[in-house]
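Structure first, then comments.
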Number of protein chains: 2
Amino acid sequence: MIPSQMLKGTLEGCVLAILRQEERYGYEISQTLERYGFGRIPEGTVYPLLLRLEKRGSIIASFRASPEGPQRKYYALTELGQKELAEFFRNYRELTGAVDQLIEMTGGHSHAQEDEAAVGGE
Amino acid sequence: MIPSQMLKGTLEGCVLAILRQEERYGYEISQTLERYGFGRIPEGTVYPLLLRLEKRGSIIASFRASPEGPQRKYYALTELGQKELAEFFRNYRELTGAVDQLIEMTGGHSHAQEDEAAVGGE
DNA sequence: TCCGCTATCTTGTTTTGCAAGGTAGGTGTC
DNA sequence: GACACCTACCTTGCAAAACAAGATAGCGGA
């Protein structure tokens, strides 16, 4: 399980990335994140995040009926959202670049699983 | 500049990684992080983080004189700290694995700079 | 004496993930 | 009709952590 602190800042960019190609609604996004390996991201996280993005103007919403259950609120990227997504990519690369360099300099480990196997856990 | 929200949780693991091979003191760690590409990490961030780790038992401190200025507080990893470092590696890989997969599935981009160049900025 | 560098720590603010819980539509079962 | 369950949305309040700002202190030089 990815610790919640480590998701901070990253989740927002990931939601923008999910909306990059097609409109999606909150409930769907929550499930999509889980499929990508983020673990269960509860609605109490996703909806406030979406409302924040909407208020800021990064995404726009439109209600549409659902074949099962209540209306769905579909979100789409605005131009601002696309710029923010591009900036997220840059920041994410900057972060992983720094961390990967640090890991390598301080004793390797960046993407292999040598001695970790012995520690076990999870 | 990496946004501070994106550093949350990650910084702690990075400090553990820095202490992996040799003892270091706070002021030094702050400068080391900058050299690795994290940008300026102010003392108001580093010292509380170190105190937190010390209280938790992840690191132990020992004062030693400095050739210039006041005493230095050197930190070293404990066994707990080493386990936490190993867990940080796992979590970091899990996070980057999920994000990289998401980025790739939603339109590539993982580590190239194609269309972003046109957006400009920074 | 005062400034600047080294070196430590504290207080309070802000952001954000999440637990918990509430509202509501639709379908099925008793 | 009453109830349960899934879908689908939202809100309130808490906790963790980065950081701005500022305090303290040793040491050297102008």
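All chains are named by letter (A, B, ...) in the order of the sequence lines, taking the proteins before the strands, and each is independently numbered beginning at 1. Just so you know, these numbers use all the heavy atoms, side chains as well, and skip hydrogens, waters and symmetry mates.
Heavy-atom distances under 4.0 Å link DNA chain D to no residue of residues 71-80 of chain B. Shown for residues 24-33 of chain A: no residue has heavy atoms falling under 4.0 angstrom of DNA chain C.
Minimum atom distance to the side chain of Pro42(A) is reached by dC18(C), of the listed dT8(C), dC18(C), dG25(C).
Under 4.0 Å is where a charged nitrogen must lie from a carboxylate oxygen, and between Glu12(B) and Arg56(B) at least one such pair does. Between Arg24(A) and Glu22(A), at least one side-chain N (NZ, or NE/NH1/NH2) sits under 4.0 Å from a carboxylate O, which counts as a salt bridge. Using a 4.0 Å cut-off between a side-chain N of Lys or Arg and a carboxylate O of Asp or Glu, Arg72(B) and Glu23(B) do not qualify as a salt bridge.
By the rule that hydrophobic residues join a cluster once side-chain heavy atoms approach within less than 4.5 Å of another member, Phe88(B) and Leu80(B) end up as members of separate clusters. Under the 4.5 Å side-chain heavy-atom criterion for ILVMFWY residues, a single connected hydrophobic cluster contains both Leu51(A) and Leu11(A).
Distance, Met6(A) CE to dC18(C) C1': 18 Å, rounded to whole Å. At whole-Å resolution of the value, CD in Glu43(B) and P in dC5(C) are 13 Å apart. Rounded to whole Å, atom C1' of dC9(C) lies 16 Å from atom CG of Leu53(B). Atom OH of Tyr47(B) and atom P of dA7(C) are 8 Å apart (whole Å). Atoms CZ (Phe38(A)) and C1' (dT16(C)) sit 16 Å apart, rounded to a whole Å.
At a cut-off of 3.5 angstrom, the base of dT15(C) holds at least one donor-acceptor pair with the side chain of Lys8(B).
Residues Tyr92(B) and Asp100(A) have side chains that bring a donor and an acceptor to within less than 3.5 angstrom of each other.
Comparing Gly9(A) and Glu68(A) by the nucleotide of DNA chain C that holds the closest heavy atom to each, the one mapping nearer the 5' end is Gly9(A). Looking at which nucleotide of DNA chain D each of Pro70(A) and Leu51(A) is closest to, the 5′-most match is held by Pro70(A).
Using a 4.5 Å heavy-atom cutoff, the side chains of Leu53(B) and Tyr75(B) are not in contact. Between Val99(B) and Tyr36(A), every side-chain heavy-atom pair lies at or beyond the 4.5 Å cut-off. Side-chain contact between Ile29(A) and Leu50(A) is present, with heavy atoms from C-beta onward closer than 4.5 Å. You'll find the side chain of Leu95(B) reaches within 4.5 Å of the side chain of Leu7(A), heavy atoms only.
Within the nucleic acid shown, Gln5(B) comes within 4.0 Å of at least one base atom, counting heavy atoms only.
Taking a heavy-atom distance under 4.0 Å as the criterion, the stretch of DNA chain D touched by chain A extends 5' to 3' from dT7(D) to dA17(D).
Contact between the side-chain N/O atoms of Ser66(B) and the OP1/OP2 oxygens of dT6(C) is not found at any separation under 4.0 Å.
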Decide yes or no on side-chain hydrogen bond (donor to acceptor under 3.5 Å, both in side chains) for Glu84(B) and Ser58(B), but give the supporting numbers first. CA-CA 8 Å; Glu84(B) 289 176 346; Ser58(B) 315; 2.6 Å; yes
